[in-house]
Student: 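Take a look at this one; I'll ask things after.
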Amino acid sequence: MREAYYYRHHAQGIACLLCPKGCIIGEGQTGFCRTRKNSGGKLYALNYGACSSYALDAIEKKPLYHFYPGKRILSLGTWGCNFACQFCQNWQLAQAEPQTMELSPDKAVAMAKQAGPENIGIAYTYSEPSVWYEYVLDTTRQAHKAGLKNVLVTNGFINTKPLEQILPYVDAMNIDVKAFSDEYYRQICAGRLEDVKHTVEQASLYCHVEITTLLVPGLNDSVTEVESLARWLGTVNSNIPLHFSRYFPNHRMVTPPTPLATLERSYRIARNFLNYVYLGNVGGSYSNTYCPACFTLVLDRTHQITSHLTQTKKCPCCGRAIDIIGDVQGQA
Ligand code: SF4
């Protein structure tokens with residue numbers, strides 16, 4: 001246990017100030033995410049240094065397509081979540097109590113360094129890093145000192161102050177925008193859209209950001225909703241990559257998988273507002289990067305990553321700069 005960084009005393013116990021859920025936690029109780037406990041009038045993070053899973057993943061798996069393409073990243077996860085998505089793909093970590101091993105920030109950084117030159121740093125992923133906040137903040141600081149990159153894969157449901165404190169140590173984020181309707185957020189995820197939009201807007205000022213939206217048939221995949229999402233993201237920054245991911249039944253949701261036609265329709269709509277759109281969980285050419293100006297294939301991901309970019313990361317056909325951070329593995 002580690003004392004939580006964001007809380008205050010309240011007439012009924014403790015008010016957790018980490019995320020917009022705003023739990024009031026009585027003595028001996030835990031908050032919605034199960035990771036924060038009021039013990040003796042102090043709030044403790046129960047999952048500090050508790051690592052439920054780790055792997056050396058391709059950066060594309062996060063997914064990040066415009067951040068060190070082809071490189072690897074040591075990926076760590078814990079347990080607990082401040083959402084309760086009915087379709088959760090990682091519910092064994094988010095909503096259950098998996099076995100964990102102790103992994104101090106020092107050890108995590110040492111592991112990342114030992115992983116070799118193909119590893120660019122540490123990704124906090126698999127479960128929600130916002131509710132692993134104290135550990136993630138401490139580890140990102142140490143990782144930066146060691147010359148490593150930090151990546152958060154998150155639902156973006158975090159209050160402004162803790163977000164602002166951690167952003168200087170974060171190099172890239174993949175943020176889920178689960179839908180563009182507050183009703184969906186409240187009913188399907190137990191969250192709120194406006195708070196997530198704020199995180200996207202704030203984070204995009206500090207670090208590289210990509211967005212993932214899992215399209216669930218009949219719930220968040222209408223033409224109007226997809227257009228509203230893409231239009232808004234385009235006003236934040238039209239170079240932010242948007243990944244539409246194909247849904248498959250999981251956890252409490254039994255709706256059949258997203259039809260390919262819906263994903264392709266969403267891709268076409270979003271391209272009207274954004275320069276880089278991708279389809280996930282479908283394979284094929286929708287994972288490739290095309291030049292936004294002349295549509296030349298610049299990064300081919302159909303098998304392994306093959307780059308057709310120039311040495312200065314421009315389109316070889318029209319010379320437009322392609323928005324890629326870092327070295328590109330497999331550059332010709
Ligand atoms: S971090 Fe957990 S305990 Fe704190 S407000 Fe959010 S859900 Fe509640």
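In each ligand, atom 1 is the first atom listed, and ligand 1 is the first ligand listed. Here, residue 1 is the first one in the sequence, and each next residue gets the next number.
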Student: We want to know whether Glu3 and Tyr7 form a side-chain donor-acceptor pair, criterion being a heavy-atom distance below 3.5 angstrom.
Tutor: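 The answer is yes; a qualifying pair exists.
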
Student: Arg320: which residues meet the salt bridge (Lys or Arg N to Asp or Glu O under 4.0 Å) condition with it, sequence neighbours left out?
Tutor: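 Salt bridge (Lys or Arg N to Asp or Glu O under 4.0 Å) check on Arg320 returns Asp323.
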
Student: Can you confirm whether the side chains of Asp138 and Tyr133 place a donor and an acceptor under 3.5 Å from each other?
Tutor: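 No, Tyr133 and Asp138 have no side-chain donor paired with an acceptor closer than 3.5 Å.
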
Student: Do any protein N, O or S atoms sit under 2.8 Å from atom 8 (Fe) of ligand 1, and which ones are they?
Tutor: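 Atoms qualifying: Cys23 SG.
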
Student: Taking salt bridge (Lys or Arg N to Asp or Glu O under 4.0 Å) as the definition, give me every residue that meets it alongside Arg265, ordered by chain and number, with sequence neighbours left out.
Tutor: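 Testing Arg265 for salt bridge (Lys or Arg N to Asp or Glu O under 4.0 Å), a comparison that skips the adjacent residues, returns none.
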
Student: When the side chains of residues 72-79 are checked against the rest of the protein, which donor-acceptor pairs come out under 3.5 Å, sequence neighbours left out?
Tutor:
residue, atom, partner, partner atom, Å
Ser75, OG, Asp57, OD2, 3.3
Ser75, OG, Lys62, NZ, 2.9
Ser75, OG, Ile73, O, 3.2
Thr78, OG1, Ala50, O, 2.8

Student: When you check the side-chain N and O atoms of Gln142 and His144, is any donor under 3.5 Å from an acceptor?
Tutor: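 No pair is found: no donor N or O on one side chain lies under 3.5 Å from an acceptor on the other.
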
